[in-house]
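Everything below concerns the one structure shown next.
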Number of protein chains: 2
Amino acid sequence: MDVRTVCLGILSRGSATGYEIQKAMKEGWPSLFFEASYGSIYPALAKLTDEGLVTCREETEVGRPDRKVYSITPEGDQAFSQSLLKPLTPDRYRSDFLAMIYFSDSLPPALLQKYLDDRIREHQSELQLIDELSEGDQTPGEAFLMEWGRRINQLCIEFIADNRDVLEDGVVVQQAEAAE
Amino acid sequence: MDVRTVCLGILSRGSATGYEIQKAMKEGWPSLFFEASYGSIYPALAKLTDEGLVTCREETEVGRPDRKVYSITPEGDQAFSQSLLKPLTPDRYRSDFLAMIYFSDSLPPALLQKYLDDRIREHQSELQLIDELSEGDQTPGEAFLMEWGRRINQLCIEFIADNRDVLEDGVVVQQAEAAE
DNA sequence: CCGCTATATATCGAACTGATAGGTTTGTTG
DNA sequence: CAACAAACCTATCAGTTCGATATATAGCGG
């Protein structure tokens, strides 16, 4: 699923500006499964407009750039439903954190500890984000995503707390061996 | 952490060809946190060779393309250790599966069920991969990644089994409402 | 009044993907 | 045993996407 399609999907939930779409991918429900930069969102919206899948209503503001509010068209709705029928592509995941873990034997122990502490805090922030998103309305999809996000983040926090000694003791053992 | 750096990291564990590096990112431990295509791996290795961070020993084979075995140099080792000190970039995650969940109200119920079944099977495959990787040697980082991967995949399987009715019943309820 | 954050648009070089090309060896199966 | 598939190995390239940056204005706190 590319930027084009996710933009369509978000617009199928309601009209939005490019900025708001990016924000949804950064702080809304879509942040749990997608993210994209302006550099791909704006060209995507321009192309979707060309193809008649969305329309653009330009709200002229005084003294600042025009707000371009995009809305999905019936053709866009149909194109989106269609694209949901195409086979799912595999998840793509890239994690500096897990890479750091894998290569942690080449890392100063103090830095490793800092990274682990930071990571726990990040998971806690995401739990808080999910709590905030969960207030109010709830489609079945959102309810599923909410609980999914909660469980994953809780597991990660618990796992790091329980297993960090595997990494930190590994370092200690190596130090003891080196001391012999 | 870009392709360059991960290639360096993999080479710090032992010499390899471009093909083997790609395989490690697809089927080895690195697959848990990184993936890259040939289109980025080969140029990265060429550039690293130019910069003297890796060396390339060309093994001429009879009747097939030369095997280019890359090895890390002391400068490469140092560059890699250095790059581990740079602040971690946030994880990047993109999931067609979770997107499909979020938009599942626009999806035929039968297809939703198929996607959920497929997903459980994918998680089971990954559990099997982790079991295979876990045979033999084990650095602290690998032990941590192993258990991390196991727990996450187990949680996902269990969660889908326990909560799929939230999505599927949602659909059923909508059908009942439509029938009135 | 300075710096910061939020709103909003947009571009651009660099990085990366996904598909394709090209050729060989090894293993399997009808 | 021949045909076929899968693994091995290098490599390119169009198109997509990232990350940083530019440009403005409003509003808030120190």
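Reminder, nothing fancy here: chain letters follow the sequence lines and each chain counts from 1.
Listed by residue number, there are no residues of residues 25-37 of chain A with a heavy-atom contact under 4.0 Å to DNA chain C. Interface residues of residues 3-24 of chain A facing DNA chain D, ordered by number: V3(A); criterion, heavy-atom separation under 4.0 Å. Listed by residue number, the members of residues 88-95 of chain A with any heavy atom below 4.0 angstrom from DNA chain C are R92(A), R94(A).
Rounding to the nearest 0.5 angstrom, the gap separating the CG atom in D117(A) from the CZ atom in R164(A) is 4.5 Å.
The list of salt bridge (Lys or Arg N to Asp or Glu O under 4.0 Å) pairs with a residue in residues 149-163 of chain B, not counting sequence neighbours, reads D131(B)-R150(B), E147(B)-R150(B), E147(B)-R151(B). Residues in residues 9-20 of chain B take part in these salt bridge (Lys or Arg N to Asp or Glu O under 4.0 Å) pairs, two or more places apart or across chains: D105(A)-R13(B), E20(B)-R67(B). For the side-chain hydrogen bond (donor to acceptor under 3.5 Å, both in side chains) condition, the pairs that include at least one residue of residues 71-91 of chain B, sequence neighbours left out, are Y93(A)-D91(B), S95(A)-D91(B), D96(A)-T89(B), R119(A)-D91(B), S15(B)-S71(B), T73(B)-E75(B).
Ring geometry for F33(A) versus F103(B): interplanar angle over 60°, hence perpendicular rather than tilted (30 to 60°).
Taking Ile, Leu, Val, Met, Phe, Trp and Tyr as hydrophobic and joining them when side-chain heavy atoms fall under 4.5 Å apart, one finds V69(A) isolated, its cluster having no other members.
For the pair F144(A) and F159(B), the minimum side-chain heavy-atom distance is below 4.5 Å. Using a 4.5 Å heavy-atom threshold, the side chains of H123(B) and E126(B) count as separate. In this structure, F97(A) and L116(A) have side chains that are in contact, with non-hydrogen atoms separated by less than 4.5 Å. Proximity of C156(B) to W148(A): side-chain heavy atoms (C-beta onward) are separated by under 4.5 Å at one or more points. Using a 4.5 Å heavy-atom cutoff, the side chains of S31(B) and L129(B) are in contact.
Per the geometry, CG belonging to D2(B) stands 11 Å off C1' belonging to dA14(C), to the nearest Å.
Comparing the helix axis at one end of the helix from dC1(C)-dG30(D) to dG30(C)-dC1(D) with that at the other, each defined from 5 consecutive pairs, gives an inter-axis angle of 40° (nearest 10°).
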Report, one line per pair, each donor and acceptor closer than 3.5 Å where one atom sits in a side chain of residues 44-53 of chain B; sequence neighbours left out.
residue: T49(B); atom: OG1; partner: L45(B); partner atom: O; Å: 2.7
residue: E51(B); atom: OE1; partner: R4(B); partner atom: NH1; Å: 2.9
residue: E51(B); atom: OE1; partner: R4(B); partner atom: NH2; Å: 3.4
residue: E51(B); atom: OE2; partner: R4(B); partner atom: NH1; Å: 3.2

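Residues passing the side chain to side chain contact (heavy atoms under 4.5 Å, CB included) test with E135(A): none are found, sequence neighbours excluded. Not counting sequence neighbours, E122(A) has no partner by the salt bridge (Lys or Arg N to Asp or Glu O under 4.0 Å) test.
Within 6.0 Å of CD in Q138(A) there are more than 12 heavy atoms belonging to other residues, nucleotides or ligands.
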Write down the protein N/O and nucleotide N/O pairs, taken from nucleotides 11-15 of chain D, whose separation is under 3.5 Å; answer none if there are no such pairs.
residue: dA11(D); atom: OP1; partner: K68(B); partner atom: NZ; Å: 2.3

